[in-house]
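The chains referred to below are lettered A, B, ... by the order of the sequence lines, with proteins before strands, and numbering in each begins at 1. For clarity, every value in this text was computed on a predicted model and none was experimentally measured.
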Protein chains: 2
Amino acid sequence: MQFNIFNGDVTSPKGFKASGVYAGIKKKIKSDMTIIYSDVLANGAAVFTKNKVCAAPVTISKEHIKNGKIQAIIVNSGNANACTGDVGLKDALKMVEKTAEVLNISKEDVIVSSTGVIGVALPMENVIKGIELAADVLNYDGGQDAAEAILTTDLCKKNIAVELEIDGKKVTIGGIAKGSGMIHPNMATMLGFITSDVKIDGTFLNELLKEITKDTYNMITVDGDTSTNDMVCVMANGVADNSEINKDHAEVEKFIDAFKYVNAYLAKSIVYDGEGATKFIEVEVVNSLTKEDARMAIKSVLTSNLVKTAFFGEDGNWGRIVAAVGYSDANFDVDKTDVTLKSEGGTVKIFEQGQGAVYEEEDVAKILKFKEIQVLIDFNLGNEKAIGWGCDLSYDYVKINGSYRS
Amino acid sequence: MQFNIFNGDVTSPKGFKASGVYAGIKKKIKSDMTIIYSDVLANGAAVFTKNKVCAAPVTISKEHIKNGKIQAIIVNSGNANACTGDVGLKDALKMVEKTAEVLNISKEDVIVSSTGVIGVALPMENVIKGIELAADVLNYDGGQDAAEAILTTDLCKKNIAVELEIDGKKVTIGGIAKGSGMIHPNMATMLGFITSDVKIDGTFLNELLKEITKDTYNMITVDGDTSTNDMVCVMANGVADNSEINKDHAEVEKFIDAFKYVNAYLAKSIVYDGEGATKFIEVEVVNSLTKEDARMAIKSVLTSNLVKTAFFGEDGNWGRIVAAVGYSDANFDVDKTDVTLKSEGGTVKIFEQGQGAVYEEEDVAKILKFKEIQVLIDFNLGNEKAIGWGCDLSYDYVKINGSYRS
């Protein structure tokens, strides 16, 4: 790795301010309003939920990202502003307008994001005051406050930063995310906000985010449900003053590696904090005919309730893993397929060339005692591969999502 | 309905014998070997799992159904003969050959089916003796023994029969099924065996089974996992001596209704006995543009862990239902969509034209107290509709599938 990792966030890169305050949207007094702001207009890119039922802020932000520029992101937690009809759209627009006004920037350069309860109108009086307050306290060390204020039922903050050199200039990339804690009373939302002081071509940044999303945010699963509010948004303000990164830049691969690391870290941290999760499962498919085959097989394994409950029960059940690959659309030949389990407890091949391998049950039991478990599936067919992350299905998942009234 | 329903089975139609015996495949002394036999060669049709990892008996039966004829079905429970390589294929073939030999019929007219543990070779000595024994005790009242012997962890037998008149002749259709109790230690399998004394064109029977499967077995879900061994098989021996049913027969619709009823009943009975299920959920989508849109939306709702846990928690969570429709591939407009909950406890519209409807929480609570709950989703777009069945996700599901070692 040609970059250094540290416990930073969205204000680690130069020229970014952030804040997190309590506006009175959440019932408990916990911060719920965030602004992330760049001193100068930044190149921006974003990816959004593919759910056809998308929240009002997603609709507005899809419009505002079209110019490829972002100067501020306004985020509230505690209310998703989804399934709120025309009122919701007006409210999302008001959030953008108020943010633009207090920061004295163009409203087309503001992205808006919401997460929380769906089907309830935003308390706009509190929201407006919250935006004013969040703008007042914006500061160059506000990244941790921002990381905190975007959370809902998450158990921990999710933030990271890396620094690297491009043209001998220090470039920093920082990010925060909120995860898949289920939101009372409705659904999970995944949000990711990435900042960088890198100078980078806007079109390239957009393509890069879309490509990297396929290998990071789209390769995690907690319960297979896609939210109405999912959004990942990146701002690159160019303050590092490197020569502009594009696909032909001599050090482009170095930047891509670092950018991918930040996004993969945030994606994995969401799964790690998955609701009720007691196991963190990494599934890698190697030697597939295409990358898409590998991705489809991985997603099928990670979303299988039978596989998930097996890991919860510390059961090395290759039958469920192989069956989940079998009903995916992945092209593979079970008679050429191997499955290996790994963790700090050891490595055991449990399935070989279409049949259960010969192994000691106790060796598998040792592997499955650990929280982090890897499943390596070798198709022995081609040269492509992919990797994805998920968690187990526990009593606590059912409890959190099935009895929140109690 | 132009048919009578009664508590019958595969030997209710004329000219069918069946049996269920203990061959020594299961560890506990519970019957595990079944033969269903027609006195005369019957027209046959079958549908099989689409899982690319399919068990040896599925491979063999796919070959044997090609001639459109069945005289006997041999079924063992307790061992799925899946992921057993060449040995498994030879063993499945031996089961067919032995069955043909003891019944003195052609092996091409024998269908073989297995369900149970995967990855373990069949105890062939016991299997062979079991086939001899099952053939010895074949009888015209053996349907209940057969219904019992195909089960694994199912809590109850699943059987039904209907009778109707075609050309003034009495025609009977009977069926048995095994369900989605998870099989120690591996996976769920759905099996359905239908017999009828109707005289019916073989090609038409085949088309009818495939069409009806889409609205019955393919519209149920317990955990979204597809087994390696799923199979539904029908035999029609013509003993009722009606004029042959085909698509142009004057009473074809009457027969289709009765045949569909039997298959829908068996499919629903599998869900009703779903592992750990405390709720039976029927989802109907009406006024969709296409039938396929309705089916996709229904499956997405029924497989959503968030929806399933919500019903377990007796929570009328329209947000999760609408979001699950949203991430399906169904064509719909959320702003035109209504969602209504129904049960013996009442009827409440909870979502209307894209937003939460106005209702009393206590009225919804009353509905959700019942075991059988209907979810009606109105797309208000077209004229098509579909219906499907599933269950909730409970602590017991996790317990059964996550801690079978204990």
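Between A:Cys83 and B:Val322, the closest heavy-atom pair is SG-CG1, 4.4 Å. The minimum heavy-atom distance linking A:Trp318 with B:Ile118 is given by the pair CZ3-CD1, 4.1 Å. What you find for A:Leu393 and B:Val398 is that their closest heavy atoms are O-CG1, 3.6 Å.
Only the side chain of B:Phe351 comes within contact range of chain A, judged by heavy atoms closer than 4.5 Å. Using a 4.5 Å cut-off between heavy atoms, B:Ser394 contacts chain A through its backbone alone, with no side-chain atom that close. Of the atoms belonging to B:Ala330, it is backbone heavy atoms, and not side-chain ones, that fall under 4.5 Å from chain A. In this structure, chain A has a heavy atom under 4.5 Å from the side chain of B:Val334, while its backbone stays farther away.
More than 12 heavy atoms of other residues, nucleotides or ligands sit less than 6.0 Å from atom CG of A:Asp335. Other residues, nucleotides and ligands contribute over 12 non-hydrogen atoms within 6.0 Å of the CG atom of A:Asp333.
Annotation: maximal heavy-atom pairing with chain A below 4.5 Å, among B:Gly85, B:Gly88, B:Ala310, occurs at B:Gly85.
In this structure, A:Asp329 CG and B:Lys52 NZ are separated by 5.5 Å, a value rounded to the nearest 0.5 Å.
Using a 4.5 Å heavy-atom threshold, the side chains of B:Tyr397 and A:Asn305 count as touching.
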